[in-house]
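Computed from a prediction, not measured in an experiment: that's the story for all the values here. Letters A, B, ... are given to chains in the order of the sequence lines, protein chains preceding strands, and every chain is numbered from 1.
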2 protein chains.
Amino acid sequence: MIIQNMHRVLYQSPAVTTDVAIFTIVGEQLKVLLVRRSDRPFRNTWALPGGFLHKNETTNLAAVRILSEKAGVKNVFVEQLYTFDAIGRDPRGRIMSVVYFTLVPHQDIKFKKGDKTQTPLFWSLKKLPKLAFDHKNIVTYARKRLASKLEYTNVVFSLLPKKFTFSQLQKAYEIILDRKLDKRNFRKKFLLLGLIKLTRGLLSGTRQRPARLYEFISRKPEELKKFF
Amino acid sequence: MIIQNMHRVLYQSPAVTTDVAIFTIVGEQLKVLLVRRSDRPFRNTWALPGGFLHKNETTNLAAVRILSEKAGVKNVFVEQLYTFDAIGRDPRGRIMSVVYFTLVPHQDIKFKKGDKTQTPLFWSLKKLPKLAFDHKNIVTYARKRLASKLEYTNVVFSLLPKKFTFSQLQKAYEIILDRKLDKRNFRKKFLLLGLIKLTRGLLSGTRQRPARLYEFISRKPEELKKFF
DNA sequence: CCAAAAGTGTTGACTGTACACCCATGT
DNA sequence: ACATGGGTGTACAGTCAACACTTTTGG
């Protein structure tokens, strides 16, 4: 400990924070969770949820904690995105941020009550407010990574409920990749991956023909051979 | 500054170091640069070059500095790999490392003289010595990233001299991807990318038919549509 | 003249893409 | 009965992978 602090003094180690980009799909839009800052700097400005590390906490665990505190979601994978440490990114001095990102099904989100000072809210990526610090950059970067991640992994499962229709699956891809996909080709290709299976259920209650419900065989992150 | 230090005390911010995985190809092998540690902990054990940040230095600049100090190479791109901050990765206490990686043509490397305490040496990835800290993991991770990077970027240019033969290019791919490639298919595919052009030179001095020399049209990192 | 790497095309298999109609339900 | 999204197959084009022989030089 003494040695560690010696280094801090000698080498001016920056302070370390963790921020988390929490994505979800609501309606037909990709959204990211933002909180309104209650403290200076950037008081009342929207920002990614985040903060300084707790004692003996890794950045990964901090990200999991923040996700739980702000969105009420547990047992979800977070992935390290990038470490941002440009000089001047935080007016308080040398503060770096190890940023994580994650995908959450909209239904699973439960905002805590009574957290009056920091109101979390999902914002569409197409209409973001002014963001604190360099968070605009961070969101843009996370957005890109998310899209490319979709192309060679099965992460889409973490955006969908346990059971889902093929249309929902396809919509998720279309929203994130930001382009239309062909229905028949999409079904063929995705079924061939062998990641999902039919369930006995149907989605009724819509005004149309009921859709068949599928589920992922495994809900663990995996790399795929290839995809889009 | 006062606020920054307040946070450090309150939140136990870890100390920050930067390590760099410097890859090159020598002969027919992929190698990574290691230094023998002159200080505790892990004194006399091999490790990736790295260290604490200097005053007002970003991790990126630290990586560039380390690359220059240890390998005598300037004007090279370094890319952030990952931030490692597991508890217990450094016996001195809470020390995280923001790791960068880079590719350097073997010819460009100039070791500084008189740096007696820390002897840099390229080690084949197939025969690594015991490594300090979690550097074994780091090297493995960097190795993977390098291979996948090769498949969708033009980074291979940073492993080759300005002018090079098609065989050298292909060897670089074969060594990093760790598999044989078909000569005719490789030439076709790579030429189609339009990244390189013929020069007037030939590589003579070998015992065989002289090979034509190519060069990259641009030596900036770019993303490709697709590749392997 | 021999050894060694350089250089060069074609074919068949596979993969990706474009495209249009009938079906089952709720209102 | 009709409006709405659910569900299905085929054909053509483009890409990928396999494969063998001739050329040029130095020794």
A.B. asks: At under 4.0 Å between heavy atoms, how does the protein contact nucleotides 7-16 of chain C? Give one character per nucleotide, 5' to 3', with B, S or -.
C.D. replies: BBBB------
A.B. asks: For B/Glu222, give me all partners under side-chain hydrogen bond (donor to acceptor under 3.5 Å, both in side chains), at least two apart in sequence or on another chain.
C.D. replies: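 None.
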A.B. asks: Need one value for A/Thr206: base, sugar-phosphate or nothing, where a base atom within 4.0 Å counts as base even if backbone is also close, heavy atoms only.
C.D. replies: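 Here A/Thr206 touches the backbone only, sparing every base.
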A.B. asks: Can you check the B/Arg207 CZ to C/dA3 P distance for me, whole Å?
C.D. replies: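 The answer, rounded to whole Å, is 10 Å.
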A.B. asks: I'd like to know if the side chain of B/Thr58 pairs up with that of A/Asp85 as donor and acceptor (distance under 3.5 Å, no hydrogens or angles considered).
C.D. replies: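 The criterion, which ignores hydrogens and geometry beyond distance, is not satisfied for A/Asp85 and B/Thr58.
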A.B. asks: Rounded off to whole Å, could you give me the CZ-to-C1' distance for the A/Arg179 and C/dT17 pair?
C.D. replies: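 Nearest whole value for this atom pair: 12 Å.
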A.B. asks: Are A/Met96 and A/Phe84 packed together at the side-chain level, in the sense that at least one heavy-atom pair is separated by less than 4.5 angstrom?
C.D. replies: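 Contact flag for A/Met96/A/Phe84 side chains = no.
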A.B. asks: Under 6.0 Å between ring centres, would you say that holds for B/Phe164 and B/Phe216?
C.D. replies: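 Yes - the distance between ring centres of B/Phe164 and B/Phe216 falls below the 6.0 Å cut-off.
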A.B. asks: With a cut-off of 6.0 Å (strictly less than), are more than 12 heavy atoms of other residues, nucleotides or ligands near CG of B/Asn75?
C.D. replies: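 No, because the 6.0 Å sphere around CG of B/Asn75 holds 12 heavy atoms or fewer from other groups.
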A.B. asks: Round to the nearest Å and state the distance from B/Phe186 atom CZ to C/dA6 atom P.
C.D. replies: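 Distance, rounded to whole Å: 12 Å.
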A.B. asks: Cut-off 3.5 Å, side chains only: do A/Tyr214 and A/Thr165 have a donor facing an acceptor?
C.D. replies: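 Result is no, nothing qualifies.
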A.B. asks: Check A/Glu69 with A/Lys112, please: is the shortest side-chain N to carboxylate O separation under 4.0 Å?
C.D. replies: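 No, no charged N to carboxylate O under 4.0 Å.
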A.B. asks: Is there a donor-acceptor contact under 3.5 Å linking the side chains of A/Thr83 and B/Thr83?
C.D. replies: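 Looking only at side-chain atoms, B/Thr83 and A/Thr83 do form a donor-acceptor pair, the distance falling under 3.5 Å.
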A.B. asks: What range of DNA chain D does chain B touch, first nucleotide to last, counting atoms under 4.0 Å from its heavy atoms?
C.D. replies: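 Range of nucleotides within reach of chain B: D/dA17 to D/dG27.
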